Structure formats: structure tokens, C-alpha cells
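In what follows, a structure is listed as C-alpha cells, so that the remarks can point back to it.
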Number of protein chains: 2
Amino acid sequence: MSGTISDTDVSVSLSEQIERGDLLATNCPSREVLKQLTSRWGVLVLIVLEKRMHRFSALRRAIGGVSERMLAQTLHSLEADGMVARVAFPVVPPHVEYSLTPLGREAAEKVRVLADWIELSLPRIGAHWTAAATTAKPAEQPAAAR
Amino acid sequence: MSGTISDTDVSVSLSEQIERGDLLATNCPSREVLKQLTSRWGVLVLIVLEKRMHRFSALRRAIGGVSERMLAQTLHSLEADGMVARVAFPVVPPHVEYSLTPLGREAAEKVRVLADWIELSLPRIGAHWTAAATTAKPAEQPAAAR
DNA sequence: CTTGATACTAACATTACTGTATGTACTTAC
DNA sequence: GTAAGTACATACAGTAATGTTAGTATCAAG
């Protein structure tokens, strides 16, 4: 965990690297953001929420295979990053609505482009698997000839 | 146990979902691809290799914080997916060149757009951290009482 | 009155991921 | 002869991610 950014508010020379956000730098906060946006469920949440607002359970049903815990945790992270807005109505059976913030919508757009490309290119990508593995999981391949 | 594919969408057959690649389906191979492309080091490798071909050590130096093991593993996965091309010269000190395949170049482009956006938007995103939490994560919101 | 739905949280177990250390086989440089 | 560089593989260990189960409170439907 790198919490160096807010500990000392007096940003000095170190912030040069940090301000512009350099993913190639070891301890840049952008790595954290990237990790959350590209996390297993983060991507899917962004994509689903981009279409329209969803309630917790609806979101869970829309995304195949998420556990409640993971969904809640993912939503929390995205909320903390300002990507997701959470609105809870104080009604008797809990009613909470999740939607994207403007920031989140920008992120979702980028993420969806990648996801769309993957879905579209899956046949081409899968062609490489059949050479080595038949199922669905790319396995280790013998090293190239020496 | 939940998460069977059938409760995701009844109007589309299983094979149809898989063929076209449905990320929202639980057991779709596209999930695997997404995981590798958006893995911690996968993203960075794609971005660096998009610029030009790199040798193993050069790649390692370009990406801050990768261990040899992780880099090798990441390259292997990307190679198995047909994103990265590996060319080894049978010379005395090992000489191996890694570059992107056409497929990999397409993927790298999408990934870089996301990465660029993050780097650019980092200040805006970071603003949310300082507001709620001093460290990085906890977003305790007194959402709705009762 | 029991079940199910809602939106979670906490504790615990398990799995996946990532890093460290070490070794290989050979060469160049000191 | 010792050290360093190249491009990895393997074994082991630690950390992080994820899943499972249980539980909260309330109300509607059966």
C-alpha cells in the first residue's frame, strides 16, 4: 500500500512524478487506480452501470458469478475513487441505487472499448489456444527452440 | 450455489454467448483474456512493447518493480494469447526479442487509452481520496440512517 | 408462521498471486 | 579467478484476493 500522497500534504519534488501520473514508476498512485478499474469485478460493474442505474441485487444478477461480498467490496472501491455514486433510500426493505459519476462514465467508456474488443476478437485469440490447450485455459507452452 | 449461466439470460443460448464472447457470462473464456490483459504487469508490458520491440532485461528495466519471474510469466501468458511474439537468437549470451503481434497491437491500443486516461485524470480521482479518507481506502459514508 | 427478498457486514477458509532466492550455461571484462 | 550480464526455470514462502457461511432488520407473500 502506498499512502504517501496524502500523508504530507506539502507536495514536494517527489510529486513531480506523481502529479503527471507515471504508470511505469514503481510507486505511483495511478497503479492503484488501474488495479481497481481493471479488477475482476470492477470492469464488469463499470460496464453494467454504464447502461443504466442498477440496484445491488440487480447488479449481482447481471454479473454472472459475483458473490455479494465481492460486489459490495468492488462498489466500495469504485465509490472511494469517485467512479460510482451510491444513493440509499431509507425505506423498509433496503433500496440502494448505484450509478456512475461523470468520472466513472469516462472510465467505463474506456474499459468497455477494451471489453468489446475482447469479445469481438475472442475467436481470433482462441485460435492460439487450440494449438496448445483445448479447454479454455491457456497453459504453459514449451519454450521456443534453441 | 448460484451463478449458473442460465439465470443470466434465458433468451440467448449458451453456445451463442460463448461464441460471441459474453463477459457477463460466468464461464466465458473472455473472462480469462480480460484477466490477462488487465493483469498488473500485462497492461504495462503491452504499453511498453507498443512503442518498440524490447529485450527481456530492457523490458524489466522499463517497468518499475517487476520481478524477473513475474515478467517471464506475464510474457508467457501474453504469448499464449497471441499478443506477444517471442524471437530467440541462438547466440552465446542469450538474446531474445519481444514484440507485439498485430493482435497484441490492437489490444495495447485499447489498454493504453485507458492508462492514459488514468494518468491524466489522476488529480481528479485523487481529489476523492483526500475528501473521505486520508490513507487510501475506507469510505465510511453515513449513507441513510434507518 | 415460515420463507423469501433487500442490502449489506463480519469471521473464517481457501485459493490465487507475487516475490525471493537460487541455479543454469556461457561469455566478456577485470 | 572472480564478477557481471543475459534469459530464463524452479522451489519455496508470504501476501493478497476471493469465496463461503452466517447473521442483521424489516416487510410481503404463501
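Since we're looking at a predicted model, the values are computed, not measured. Just so it is clear: chains get the letters A, B, ... in the order the sequence lines come, proteins before strands, and each one is counted from 1.
Each of A:Glu97 and B:Trp41 has a nearest nucleotide on DNA chain C; the 5'-most of these lies closest to A:Glu97.
The CZ-P distance, from B:Arg55 to D:dT6, rounds to 7 Å in whole Å. Protein atom CZ of B:Phe89 is 19 Å distant from nucleotide atom P of C:dT27, rounded to whole Å. A straight line from NE2 of B:His95 to P of D:dT6 spans 11 Å, rounded to a whole angstrom. Remark: P of D:dC8 and NE2 of B:His76 are 9 Å apart, rounded to the nearest angstrom. B:Met70 places its CE atom 12 Å from the P atom of D:dA9, with the value rounded to the nearest Å. Rounded to an integer number of Å, the gap from CG of B:Leu59 to P of D:dA7 is 10 Å. Atom CD in B:Glu68 sits about 17 Å away from atom P in D:dA11, given to the nearest Å. Rounded to whole Å, atom C1' of C:dA16 lies 8 Å from atom NZ of B:Lys35.
Within 4.0 Å of A:Pro93, counting heavy atoms only, lies no atom of the nucleic acid at all.
The listed nucleotides are C:dA7, D:dT18, D:dT10; the one nearest the side chain of B:Arg69 is D:dT10. Checking C:dG19, D:dA7, C:dC8 against the side-chain heavy atoms of A:Ala72 singles out C:dC8 as nearest. Distance from the side chain of B:Ser67 is smallest for C:dT20 among the nucleotides D:dG19, C:dT20, C:dT6.
Interface remark: the B:Arg40 side chain does not form any donor-acceptor pair with the C:dT18 base, using a distance-only criterion of under 3.5 Å.
Between the CD atom in B:Gln73 and the OG atom in B:Ser67 there is a gap of 8.5 Å [rounded to 0.5 Å]. Taken to the nearest 0.5 Å, the CG atom of A:Leu75 stands 5.0 Å off from the OH atom of A:Tyr98.
Under the 4.5 Å side-chain criterion, counting only non-hydrogen atoms from C-beta, A:Val96 is not in contact with A:Val87. Side-chain contact between B:Leu23 and B:Arg31 is present, with at least one heavy-atom pair separated by less than 4.5 Å. Two residues are said to be in side-chain contact when any heavy atoms from C-beta on lie closer than 4.5 Å; A:Leu71 and A:Leu59 meet this criterion.
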